[in-house]
Structures are given as structure tokens and as C-alpha cells.
Amino acid sequence: MKLRLELVLLLVLIIGLGAIAAYYADQRGQQGAGIRTTSFSSSDDGALALYRWLERIVPGRVDRLAYRPFALSAAEGMLFVLGPTERYEPAQVAVVTEWVREGGVLVMADSRPSPRSTLAPLLEAFDLELKIIALTSTATPVHPALGSPPLTTLPVHTAVAIASTAPQPALAPLAVADTHPIVAGQRFGDGYVIVVSSLYPFTNDGLRQPESAAFMLNLLRWLPPGQKIVFDEFHHGFVPNADLRSLLLNHPFGWAILYGGAVIGLYILAGSRRFVRPLPLRSETARRSSVEYIDSIAGMLRRTRQISYAAEHYYHTLRRRLGQSYGIPLTLDDAAFVDQLATIRPADRQQILRLLTDLRRPDLDEAGLLRLVAEGDQLIR
């Protein structure tokens, strides 16, 4: 049996919505606890504790890149990018790379492998990627840069490691797990890039560990004197008021609206639906023929046995048709009418007079009426 187009569209819609739901469920499962590692969050996976702790260590020099256009100034010396929920656009990648080249220190952290990581565009700009490894809970510092204060182990709870994609890698491992770099750094222009393949040390839960606090103090040694620490909240969704175009193109709800509108439009187009008054059928606008009118009137008169009414009607019709042809007034009585008509048609005088008289007989029956009508039609012809 051939499927109707409406059924096919409905199936496509259901499959599409199911795919979208599965995609976002998968994304949530991949991102895990780090999906909202934001300095606004006080949950175990948030980074509010780190933000407030740094405010006490370097008062007046900690800020958030939130609710304003994405830009970095020379006064901002260290940028924390912790598991962003939105991918970097090419223009934003260019802003960060130029800022690092001029002397900024970039600290990036994520626990999702490339290319699923939303950090992937930014990592690619520095010839870096995150690759899958066996799950590990700790990393061992291997570089003197993580030695003040002393750090023996670092809790990480991750299944990804850092790798360089450059032909001549300049990546320096700072902490490793079974030879896989978990914390690494490399120079870029006058600045420095630090990558951590785990979000746990930055979270409110992870910062409860003394080793995580010691790790943060080691990172602060890269902060240029007198400059600010900035948390990238722009890519956690804390953006300026978005216009309708960005809401439709950059958010799941906008995608759902566009998708639904496209499906409804295709349905209307395929079904040839019109938004105006439909044209009536020819059978609805066709006028009834005169024959139908005559048949209906005749049938009605016959059913009600209105013989005298029909005879009276034909009586006046016959006088009118005979008188109009010769200019005889219709106001004359039958005798005077026939006398004037006889001057023109003398042979029909007696027949016409008899016909007019018989049509007004009260005892006229149906057969007699039909006979008189046929006789009158012969006179008119």
C-alpha cells in the first residue's frame, strides 16, 4: 500500500525530533559534571569557590567576562576557560590567540575529547587536541613549574589526555598519568598556554582537596604582576541580550522553531493548502434550466390538482400571444376580442371563441386541459 505524503512527513518529523533529543542526551552524558563549570555556580561541579578564593588572594584583580561583548584587554593577564558549553567562533578564537601572542596567559580545561569538546576550535589554534585514554584518578607532576608549593599528586578523574598536532611539538608536559600529559603548557608568542584535560581540580568539589589548592597556587605564578584574572563566562551562555537571529540560530529552542516551521511549510505546500476562500464547484454555481423550472411547476400543480389555475394561466397567455401579434387590446372581453381578431383571421373565429370559453369552464379536467393547450399551440403557430 502506498504511503500518503502526510504520513511520510509525520514519520520524518518524529525521527528528526528523536534524533535531536538523542543528540542532546548524548551531549549531556558526555559533558557529565563539567557541563556547568561556571564561576556563578555553587554546586559541586561549579567554580564559585575558586572565584571567591582567588578574590581573597589577589583582591580587586578577579573578574568575569560575562554580559558584555567578547573582548580581552592588555590589563587582563590570565584567562580561565573551564569546560565551556558553547563552541568558540572563528572571530573569538582570533581574539584569544592575538591576546596570548601579546603576552596573555591562557588556562584551558575540559574533560571531553576532540572534536566533541567545545574547546576544540581554540585547541586547534594552538595545534593541540584532547584524546581518549583509560580512566585515571590522579596525575603526577613532572615539571618544576608545579613545585611551589610542592605538589606530589593531582586529583583529576579524567579519561582524556593532551596531544600536540604540530609537526614539531613544543608542548611541555607538566603533569602526567602513565606517560599521558594531563597538564601541559607551551609558549605562544610572548604569552603562555596551559591546558588541563580535567575540570575536577577547578570545581567546588575538587578544590576541597589540598592538592587542587596547591595546583591553583602554582598556576598563579604565571599571572603577570598587577594584571587581572578573568573567567570566561561568555561561553557558558552569559552573553549580552541576544537578538532574534542569534536566538534562532544558536539555541536549541530556536532550532526547534525553525525545524517545526519548515515541516509545517512543507506539509502545506505538499497538500496545496490555500489561505483564501475556495472556488465553488461548477455544479454549485450552474443555474437551473428553464425545463427544470417548467417540470417542477407542472409537477407541483399536478400534485395539488390546480387545473383551474393552470387553465386560467393558459387562457391569459393565449389571449396575450394572439393579441400582441395583431395589436388588439387585451382589456376587451372575449367576444369583442374575437371580433377584432376575426377581421384578420376570419377562418379561426369560431375555434378561438370556443377555445377561450372552454378554458374557463369550471368542470375542466386534466385531459381536457391538455387537449385545449395543444389546440391553442396550433393556433399560435
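Note that these values count all heavy atoms, side chains included, but never hydrogens, waters or copies made by symmetry.
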Side chains of Met108 and Leu122 in contact at under 4.5 Å (non-hydrogen atoms):
yes
So, Ser111 side chain and Thr158 main chain: donor-acceptor pair closer than 3.5 Å or not?
no
To the nearest 0.5 Å, what is the distance between CG on Leu356 and CD1 on Ile352?
7.5 Å
Are the side chain of Asp44 and the backbone N or O of Asn204 linked by a donor-acceptor pair below 3.5 Å?
no
Would you say the side-chain atoms of Thr97 pair up with the backbone N or O of Ala94, donor to acceptor, closer than 3.5 Å?
yes
For the residue pair Arg64 and Tyr51, would you count it as a cation-pi contact if the rule is NZ or CZ under 6.0 angstrom from the ring centre and within 45 degrees of the ring axis?
yes
What pair of heavy atoms forms the shortest contact from Pro155 to Tyr200, and how long is it?
O-CD2, 3.6 Å
pair Thr38-Leu82: side-chain heavy atoms closer than 4.5 Å:
no
Is it the case that one hydrophobic cluster holds both Val193 and Val93, taking links as side-chain heavy atoms less than 4.5 Å apart, direct or via other members?
yes
Are side-chain N/O atoms of Ser117 and Asp110 paired as donor and acceptor at under 3.5 Å?
yes
Counting N and O atoms only, with roles assigned by atom type, does the side chain of Ser198 sit under 3.5 Å from a partner on the main chain of Val156, one being a donor and the other an acceptor?
yes
Please check: side-chain N/O of Asp348 versus main-chain N/O of Gln351, any donor-acceptor pairing under 3.5 Å?
no
Does Tyr192 share a hydrophobic cluster with Val142, counting links as ILVMFWY side-chain heavy atoms below 4.5 Å and allowing steps through other members?
no
What's the verdict on side-chain contact (heavy atoms from CB on, under 4.5 Å) for Val107 and Leu79, showing C-alpha distance, side-chain angles and the deciding distance?
CA-CA 6 Å; Val107 179; Leu79 175 65; over 6 Å; no
Do Asp45 and Phe202 come close enough that some side-chain heavy atom pair is under 4.5 Å?
no
Minimum side-chain heavy-atom gap Pro141-Thr152 below 4.5 Å
no
Contact check, side chains of Ser148 and Arg221, non-hydrogen atoms, under 4.5 Å:
yes
Residue pair Ala161 / His180: nearest heavy atoms and the distance that separates them:
CB-CB, 3.7 Å
Working to the nearest 0.5 angstrom, can you tell me the gap between Thr37 OG1 and Leu199 CG?
4.5 Å
Go through Met216 and Leu50 one step at a time and tell me if the side-chain contact (heavy atoms from CB on, under 4.5 Å) criterion holds.
CA-CA 9 Å; Met216 297 303 154; Leu50 175 61; 3.9 Å; yes
Side chain Gln227, main chain Ala74, donor-acceptor under 3.5 Å:
yes
With hydrophobic residues grouped by side-chain heavy-atom distances under 4.5 Å, do Leu318 and Ile307 end up in a single group?
yes
Output yes when a side-chain donor or acceptor of Tyr314 lies under 3.5 Å from a complementary backbone atom of Val373, and no otherwise.
yes
Flag, side chain of Asn218 to backbone of Gly147, donor-acceptor distance under 3.5 Å:
yes
Keeping the roles fixed (side chain from Ser212, backbone from Gly206), state whether a donor-acceptor pair exists under 3.5 Å.
yes
Decide yes or no for Phe215 and Val196: does some side-chain heavy atom of the first lie under 4.5 Å from some side-chain heavy atom of the second?
yes
Under a 4.5 Å cut-off applied to non-hydrogen side-chain atoms, are Val230 and Glu76 in contact?
yes
Without swapping roles, check the side chain of Gln186 against the backbone of Phe126 for a donor-acceptor pair under 3.5 Å.
yes
Pairwise ring-ring contact (aromatic ring centres under 6.0 Å, His included) hits with a residue in residues 61-111, at least two apart
Tyr67-Phe238, Phe70-Tyr88, Phe70-Phe234, Phe70-His235, Phe80-Phe231, Tyr88-His235
Criterion side-chain contact (heavy atoms from CB on, under 4.5 Å) on Leu322 and Phe337, from CA distance to verdict:
CA-CA 10 Å; Leu322 290 172; Phe337 179 82; 4.2 Å; yes
Is the shortest heavy-atom distance from the side chain of Pro201 to the side chain of Leu207 under 4.5 Å?
no
What are the two closest non-hydrogen atoms of Pro224 and Gly103, and how far apart are they?
CG-O, 4.4 Å
Without hydrogens or angle criteria, can the side chains of Glu233 and Ser39 be said to hold a donor-acceptor pair below 3.5 Å?
yes
Mark yes when over 12 heavy atoms from residues, nucleotides or ligands other than Arg187 sit less than 6.0 Å from its CZ; otherwise mark no.
no
With rounding to the nearest 0.5 Å, note down the distance linking OG1 in Thr140 to CG in Leu174.
13.0 Å
Nearest 0.5 angstrom please: Glu211 CD to Leu146 CG, how far?
13.0 Å
Taking every non-hydrogen atom, the tightest pair across Leu48 and Ser41
CB-O, 3.0 Å
For residues Ala214 and Leu151, report the shortest heavy-atom separation together with the two atoms involved.
CB-CD1, 4.0 Å
Gln209 side, atom CD; Thr138 side, atom OG1 - distance, nearest 0.5 Å
11.5 Å
I need the Leu119 CG to Ser197 OG distance, nearest 0.5 Å.
11.5 Å
Enumerate the side-chain hydrogen bond (donor to acceptor under 3.5 Å, both in side chains) contacts for residues 326-343, please, sequence neighbours excluded, ordered by first and then second residue.
Tyr315-Asp334, Arg319-Asp334, Asp339-Arg349
Thr165 vs Leu128, side-chain contact (heavy atoms from CB on, under 4.5 Å): CA-CA, chis, key distance, verdict
CA-CA 6 Å; Thr165 60; Leu128 300 171; over 6 Å; no
Please report the closest heavy-atom contact between Leu219 and Met78, naming both atoms and the distance.
O-CE, 3.3 Å
Tell me whether Leu130 is reachable from Val176 by hopping between hydrophobic residues (I, L, V, M, F, W, Y) whose side-chain heavy atoms are closer than 4.5 Å.
no
Can you list the steps and then say if Glu55 with Arg52 is a salt bridge (Lys or Arg N to Asp or Glu O under 4.0 Å)?
CA-CA 5 Å; Glu55 279 187 318; Arg52 291 182 175 174; 5.5 Å; no
Please check if any side-chain donor atom of Ser308 sits under 3.5 Å from a side-chain acceptor atom of Arg360, or the reverse.
no
Take atom NE2 of His316 as the centre, draw a 6.0 Å sphere, and report whether it contains more than 12 heavy atoms from other residues, nucleotides or ligands.
yes
Quick check: is Ile132 connected to Val195 through a chain of hydrophobic side chains (ILVMFWY, heavy atoms under 4.5 Å apart)?
no
For atom CZ of Arg321, is the number of surrounding heavy atoms from other residues, nucleotides or ligands below 6.0 Å larger than 12?
no
